[in-house]
Amino acid sequence: MGENDACGSFLARMFGASKDVAVLSYRWRIRGNNENIKDYKQWLADCAKEGYSTFKLDTGREPVDWSLADGHMIQIEVAAWLLWLYTNKVAEYAWVDQMCVPQDASIEVKMKAIKESPAIYRDGKVYVVLAPVVDYASGRIMLGQDARQIVDSYSGAIRGYSSRAAVKALLVNNSYMRRVWTIQEAVAAQDLTVWPLKGRGEVNSYQPLRVMDWPEFNGWNSHPQLGPLYLKYTDAPLNDYYEGDYTGVIKNLRDKVSDAIAYLAMISKDLMWITMDRNGLVNDVKKADTAAKRAWVVLNNHQIQSARSFLPEDKVLALVPLIDYGAWKKATFGVPGRHLVQASVDWAYGLASKHIPALKWSIRIYNAPRCAARGLELLQPRRNLGDSSSMHGATPGWQLEIPEAGRTLTLSPPARHVDGSVAAWQSSSGALNAQPLQLRVEALLLMPHPGQAKFWGGGPWTHIRDALRTDEVFRLSVQWGLEPWRHPDLRIQTDKCAVAVVSGGGLPNPLMIVAALSQGDDSTGQVMVAVEVDSGSKSALLGCLRTESLGNISGGVTLVSSGVSAAK
């Protein structure tokens, strides 16, 4: 029996015959050296003291030795959950992806697991398992007395802000709400429980919005030191925190570094805001009543752009199946693993574009800063998130001049790529034999860079949102999606960018191309994003862009892309 057959047979036995399966939804992490079940139970009791409802880790219908949670590398919350399932006879089977999907399997077997994932979470009893905060310097779980000691040491400096919110934030690791795969799991789930902090039905159900909670958490959101902290792109404690490791933040708090209160503000407001935002996204996908509407949400919501993943391509592969699982499997049947991201985007954008007249916009092209494929080619819809999955825009040494307003922009089909896999996609998609596009440049403007922190609460991109008569998702998607493009290692201008609006040439709607400008040079840039805008909103868009611009760009802008030379 082959790898694919074995995987399929196991899934059929578990979900077909029994359907009594507890499915784990969690954030994988490394277990601290000194984590143990005694401290975990104390952590749970401390969470209860802070106002959370919690499950009890008591022996149930089946005798159990809780010390089995110790002495191995399975993270403590997963080990405790498995023992709790057993002693309470909650389910006949348990599904833990890290254990049930071979981690050293071939790419085709892993893609098989990816394609089956939505069905697993749809058919099982899904448990969202939240983790404690762990200080990896000591290898220990953060207990209530530890958190309170840290917060109390700032009692004078944080007067007017909630210390209880800060203590809660130092107890509960919020990284589950940042992971992209957990979006799929929560959307697919028909039967969802949050554990061991008790909740039912929605991912924020463990933390109800009581009147007393909202001012406590939200008060930290306006702390004046927050903005400068978010601009510390190379700060190791900040980046580790985004990945679920609080060790550097805890050290900074204990050492009382100059911006320690900013870290306290960040984690305090994040615990509620990130949970609320994640729950809102999950509900937006669930409430979308057609595949086209779900496609629009999945391709455009700002949280997806900022979600964390081990592989950049996961931002497509985890979410596009939620649009219409059966139709997606059919549309991508037989597609090689390396082409799966682009094939999925092609299919999804074809659906989402139907809602541009009603919703006013959609992101047609998004290039991640980490990806070298930034060519426009023929404006094929894409998400270039990593070099290995970028099929369009990957031409090595690509460059193109966007002329000044009123002139014609010519987009030519790409040459056959040197990488055989990319060339195969170019051929199958018809890109190699397509006709050039002749587009009219409606405007070429110097604009404030959308990713600047000073525009989070308003500014030119809020006014553009209003001109399009759309909602806040537009502003957040453009600003959050382009904020990482201000990283100093990219050597681009962080305060301004180039914006071109083009139309005609067979495009159904005008396109707003936003390009990063090279440091000290307004004449060269790289494509960050291209947003398709409803044709009925073109005049309003152009009028607002001209009002908010820093001026016209005369002489044109040359767009460049290093491209991808070979498979990585």
Side-chain angles (χ1 to χ4, degrees), residues 6-29 31 35-48 52-102 113 116-132 141 172-173 176 181-182 184-208 282:
C7 181
S9 176
F10 177 63
L11 292 174
R13 288 200 307 274
M14 267 210 325
F15 290 92
S18 170
K19 291 189 179 295
D20 186 17
V21 185
V23 181
L24 177 64
S25 178
Y26 71 122
R27 190 314 192 193
W28 182 87
R29 66 178 182 85
R31 179 166 173 158
E35 293 182 40
N36 59 76
I37 192 64
K38 180 182 177 182
D39 282 353
Y40 184 75
K41 287 185 174 183
Q42 182 60 55
W43 168 79
L44 198 55
D46 293 343
C47 287
Y52 290 111
S53 295
T54 63
F55 284 90
K56 303 293 185 184
L57 292 189
D58 297 329
T59 300
R61 295 161 59 188
E62 198 71 37
V64 68
D65 180 1
W66 290 99
S67 68
L68 292 173
D70 297 334
H72 49 72
M73 295 309 295
I74 299 174
Q75 54 205 77
I76 189 68
E77 64 273 15
V78 175
W81 175 72
L82 290 169
L83 293 170
W84 178 83
L85 291 177
Y86 172 79
T87 189
N88 289 286
K89 299 183 72 67
V90 172
E92 185 176 356
Y93 295 96
W95 170 271
V96 180
D97 58 358
Q98 191 182 5
M99 301 175 188
C100 297
V101 177
E116 297 297 339
S117 182
I120 291 170
Y121 287 87
R122 179 195 64 210
D123 294 340
K125 301 174 182 176
V126 176
Y127 283 83
V128 171
V129 175
L130 301 177
I141 295 170
V172 181
N173 190 314
Y176 174 91
W181 280 103
T182 60
Q184 182 198 90
E185 294 158 11
V187 170
Q190 304 296 307
D191 180 356
L192 185 147
T193 299
V194 184
W195 192 96
L197 307 183
K198 189 179 292 186
R200 280 287 297 167
E202 297 188 339
V203 294
N204 71 342
S205 55
Y206 77 99
Q207 188 169 288
V282 168

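In what follows, residues are counted from 1 in the order of the sequence shown. In this text the structure is predicted, and so the values were computed from the model without any measurement.
Using a 4.5 Å heavy-atom threshold, the side chains of W81 and V96 count as touching.
Scanning all heavy atoms of the two residues, the minimum distance from V282 to A186 falls at CG2-CB, 3.9 Å. Residues N173 and P132 come closest through the heavy atom pair CB-O, 3.6 Å. When all heavy atoms are compared, the tightest approach of A189 to V126 is CB-CG2, 3.6 Å. Closest non-hydrogen pair, F55 versus V194, comes out as CE1-O, 3.2 Å. Nearest heavy-atom pair across V203 and V128 is CG1-CG2, 4.4 Å. A188 and P118 make their closest contact through CB-O, 3.6 Å (heavy atoms, listed as atom of the first residue, atom of the second, distance).
From D123, atom CG reaches atom CH2 of W95 across 12.0 Å, with rounding to the nearest 0.5 Å. Taking CG of L82 as the start and CD1 of I74 as the end, the distance is 6.5 Å to the nearest 0.5 Å. Between the CG atom of L83 and the CG atom of L57 there is a distance of 9.0 Å, given to the nearest 0.5 Å. To the nearest 0.5 Å, atom CG of residue L44 and atom CD1 of residue I37 are 9.5 Å apart. To the nearest 0.5 angstrom, K125 atom NZ is 7.0 Å from D191 atom CG. Rounding to the nearest 0.5 Å places CZ of R122 at 9.5 Å from CD of E116.
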Inset, instruction - Test side chain to side chain contact (heavy atoms under 4.5 Å, CB included) on Y127 and Y26 and set out the steps. - result: CA-CA 8 Å; Y127 283 83; Y26 71 122; over 6 Å; no
Inset, instruction - For side chain to side chain contact (heavy atoms under 4.5 Å, CB included), just list the numbers for E77 and Y40, CA-CA rounded to whole Å, side-chain angles, deciding distance to a tenth of an Å, and then say yes or no. - result: CA-CA 8 Å; E77 64 273 15; Y40 184 75; 3.7 Å; yes
Inset, instruction - With side chain to side chain contact (heavy atoms under 4.5 Å, CB included) as the test, would you mind laying out the steps for W28 and D97 before giving the verdict? - result: CA-CA 10 Å; W28 182 87; D97 58 358; over 6 Å; no
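Results of the side-chain hydrogen bond (donor to acceptor under 3.5 Å, both in side chains) test with S25 over W195, Y176, Y121 single out Y176 as the only residue that passes.
Put simply, the side chain of T54 never gets that close to the backbone of L197: no donor and acceptor are under 3.5 Å apart. Under a 3.5 Å cut-off, the side chain of R200 and the backbone N or O of L192 do form a donor-acceptor pair. In this structure a side-chain-to-backbone donor-acceptor pair under 3.5 Å is present from Q75 to R29. Judged purely by atom type and a 3.5 angstrom limit, S53 has no side-chain atom pairing as donor or acceptor with the backbone of K198. Remark: the backbone N or O of V90 is not paired with any side-chain donor or acceptor of N88 at under 3.5 angstrom.
No salt bridge links K41 with D46; every basic N to acidic carboxylate O contact stays at or beyond 4.0 Å. Remark: R31 engages D70 in a salt bridge, criterion side-chain N to carboxylate O under 4.0 Å.
Using cut-offs of 30° and 60° for the angle between ring planes, the Y206 and Y52 rings count as parallel.
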